[in-house]
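Step one of this worksheet: look at the structure below.
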Number of protein chains: 2
Amino acid sequence: MQRSGRPTIKDVAKAAGVSPTTVSHALNGKGVVATETVARIEQVASDIGYRPSAIARGLQNSRLNLLALVIRPFHSLDTFLPEGVDYFLRLAGAASMTAMEHGYSLMIVDDPTRPGVPLSALAADAYIVTEPFEHDPVLTMLQQERIPFVTVGADPARRGQFITLDEGIEHQAGLMFRHLEAVGARRIALVTGTDRNDWNLSAHHLMEEWSDARGHAPLVLALPEAAGETVGDEVLDHFFSGDPAQHPDAIFCLTGRHAAGVTTAAIKRGIRVPEDLLVAGGSGAMQNRTSSPTVTTLDLHPEAVARTAVEAAVLLAEGRSVTLPASSVLATLNIRESTTRE
Amino acid sequence: MQRSGRPTIKDVAKAAGVSPTTVSHALNGKGVVATETVARIEQVASDIGYRPSAIARGLQNSRLNLLALVIRPFHSLDTFLPEGVDYFLRLAGAASMTAMEHGYSLMIVDDPTRPGVPLSALAADAYIVTEPFEHDPVLTMLQQERIPFVTVGADPARRGQFITLDEGIEHQAGLMFRHLEAVGARRIALVTGTDRNDWNLSAHHLMEEWSDARGHAPLVLALPEAAGETVGDEVLDHFFSGDPAQHPDAIFCLTGRHAAGVTTAAIKRGIRVPEDLLVAGGSGAMQNRTSSPTVTTLDLHPEAVARTAVEAAVLLAEGRSVTLPASSVLATLNIRESTTRE
DNA sequence: CTGAAAGCGCTTACAG
DNA sequence: CTGAAAGCGCTTACAG
């Protein structure tokens, strides 16, 4: 009923005095159609405002030219898009643009395994799932349904089983560890989030190796991502109680907002940053650029990640195979005041 | 070919020993089907992993349960999602969640009037267009194609012609003008963006009325949104040259990043904020919360705007009529250091 | 070079 | 209560 006024291919055929088949051929450049017939059909089509139905066309090959982006961490963040958490938003925006460039639209989909999700949420040609959890049910479902997908960050429990854009957390965190050591850190503490994703788990793992190699116990604390800046005191209480010989001289928080909170709390306690304590953040939050002192973070280049992931998803959607290089997008350091001593 | 393995309604019918019609009836609760037949069909369907095709279903009523969000200002911002510009991102995220709650997915679509856009970008059941430009071609096209849409902010040249969520810019800007006056401003200058949308144009208009009423010439400057913080010096040069009697004692920048730039530039020149000059921002950017001094901004409540807009779009998608109240979402003030004197 | 026919996976009158 | 038939708007062999 709805929009029933829209002209169909039949209307074009009638107006041009040809068959629907010929219209289809002409408009899609398939088959062989007389040049002037093509011209006439195109004229008529544009005159009556014909536009092919994406749905009808999609029914043929069950493809809609639609990609879906599933941002898993949204489920642990109390608000869908917490203020100042740039990473996922830059990712979503860039993904949407890249998709368009390739002739695809992009939907942002909440957890598609929830009962009662709209059918459309499962109608995408391919999915991009960022930071899946351990044994992520979304991946399991996608696999079962034979819907192609790319993962950004591995499912920690099923490493190597899916097509994954692995940002190389070892590289990323290692970059920061080395930087901290270079500016004088002897004992680095790590604050991760509590989501069981590759980012948190692998960084934790790397910290253990790092500490082992240096002959001391790893200093690690996991705190909810959603707590944001409020974790400052808890972090300091945790690391600065007990044996002073075990106190860290650098704290690396994977979550930018945690780093912001730690910096503020430290200063309030008279711990100078960076003189007494180095502080750094993982995925940078906006706060880290404007706080006083500004806080060193990693730049994970979400735009580049998005581009790579979307391009892989497009290939999958078109039934082609994809192999992603080990680390396609290398993180870089944004060195700021919180780790600059001189 | 693709995904050809997916079971169809025929497979269910065959396996359950009934006709496709009956399967359809049973699964959709239409018609009259024996209770036990329904049970059997449901069992079989879940056994073989049947899931109805959104596309095939969409072909019936040309509805996909898909909404599209068009964020117009993206075209004037140099990067798709400039850092710290929270407003549109919060809007997009909230819209996506609200859509899901109503059984819809949401795609983020770039300009759908560009040649060569994916067909899918035009396959949405209804559109939400935020901050349309004057004579916006997107609205013209949507109207021509008879695709239902809601506008967030009016098309300044076609006010009242479309279904619009009018946030009441008069109210919003007025709120800030009154606040500035209450804390001592005698002469308020306004910095708008250069996009010809309702937000910029109406605020300008309001400023003229406001100045008229007070018997002096309006101080207004329009600068590109995309310039961000870099506009600081230009703004100060502009307003603080010439007759000192005409210098403003408050500057209200509609764009939060402009306000951030003005604050920094003022302090660098030895103009104290807020003592000598009050500064405020329109749509708050993250920077304004963490800068020193922190900057007073409006909170436009994008989440609430998104909710209202999506709910209206859903009604339109379902062929129902909608009337939006004049101002559904009222802005509030976030008063911070830049306008706090005592 | 052009078109009749079948089919994509569903739904919806309608007949039994 | 159940199912055969037509149709949604297109595309794609295939025949002429």
Quick one: [X] [atom1] to [N] [atom2], roughly how many Å, whole number?
X	N	atom1	atom2	value
A:K30	D:dC14	NZ	C1'	16 Å
A:R63	D:dT11	CZ	C1'	14 Å
B:Q60	D:dA6	CD	P	16 Å
B:L59	D:dC10	CG	P	9 Å
A:K14	C:dT2	NZ	P	20 Å
B:I41	D:dC1	CD1	P	13 Å
A:L27	D:dT12	CG	C1'	16 Å
B:I9	D:dG7	CD1	C1'	15 Å

Per [X] side chain, nearest of listed nucleotides [options]:
X	options	value
A:A34	C:dT2, C:dC10, D:dG9	C:dT2
B:S19	D:dA13, D:dG3, C:dC10	D:dG3
A:S24	C:dC8, D:dG7, D:dT12	D:dT12
A:T21	C:dA13, D:dC10, C:dA5	C:dA5
A:S53	C:dC1, D:dT2, D:dG9	D:dG9
B:H25	D:dT11, C:dC10, D:dG3	D:dG3
A:V18	D:dC1, C:dG3, D:dG9	C:dG3
A:T8	C:dG3, D:dG3, D:dC10	D:dC10

Quiz item: Is it true that the side chains of B:T164 and B:R158 contain a donor and an acceptor less than 3.5 Å apart?
Solution: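 Side chains of B:T164 and B:R158: no pair found under 3.5 Å.
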
Quiz item: How about A:S19 and A:T22: does a side-chain donor come under 3.5 Å of a side-chain acceptor?
Solution: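 Note: A:S19 and A:T22 side chains meet the donor-acceptor criterion.
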
Self-check item: Side-chain N,O (B:R57) to OP1/OP2 (C:dG9) below 4.0 Å
Solution: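 Answer no for this pair, as no side-chain N or O of B:R57 is under 4.0 Å from OP1 or OP2.
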
Self-check item: Strand partner of C:dG3, provided both Watson-Crick or wobble distances fall under 3.5 Å
Solution: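 Partner of C:dG3: D:dC14.
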
Self-check item: Residue pair A:L67 / A:V310, side-chain heavy-atom distance below 4.5 Å
Solution: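 The answer is yes, as the side chains (C-beta and beyond) meet within the 4.5 Å cut-off.
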
Quiz item: With the threshold set at 4.0 Å, does a side-chain nitrogen-carboxylate oxygen contact exist between A:E311 and A:R307?
Solution: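 A salt bridge is present here (some side-chain N lies under 4.0 Å from a carboxylate O).
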
Exercise. Specify the residue among A:N28 and B:R40 whose closest nucleotide of DNA chain D lies further upstream toward the 5′ end.
Key: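 Per heavy-atom nearest nucleotide, the more 5' residue is B:R40.
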
Practice problem: Only one of B:D198, B:V152, B:L300 passes side-chain contact (heavy atoms from CB on, under 4.5 Å) with B:E167; say which it is. | Solution: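 It is B:V152, the one option of B:D198, B:V152, B:L300 that forms the side-chain contact (heavy atoms from CB on, under 4.5 Å) with B:E167.
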
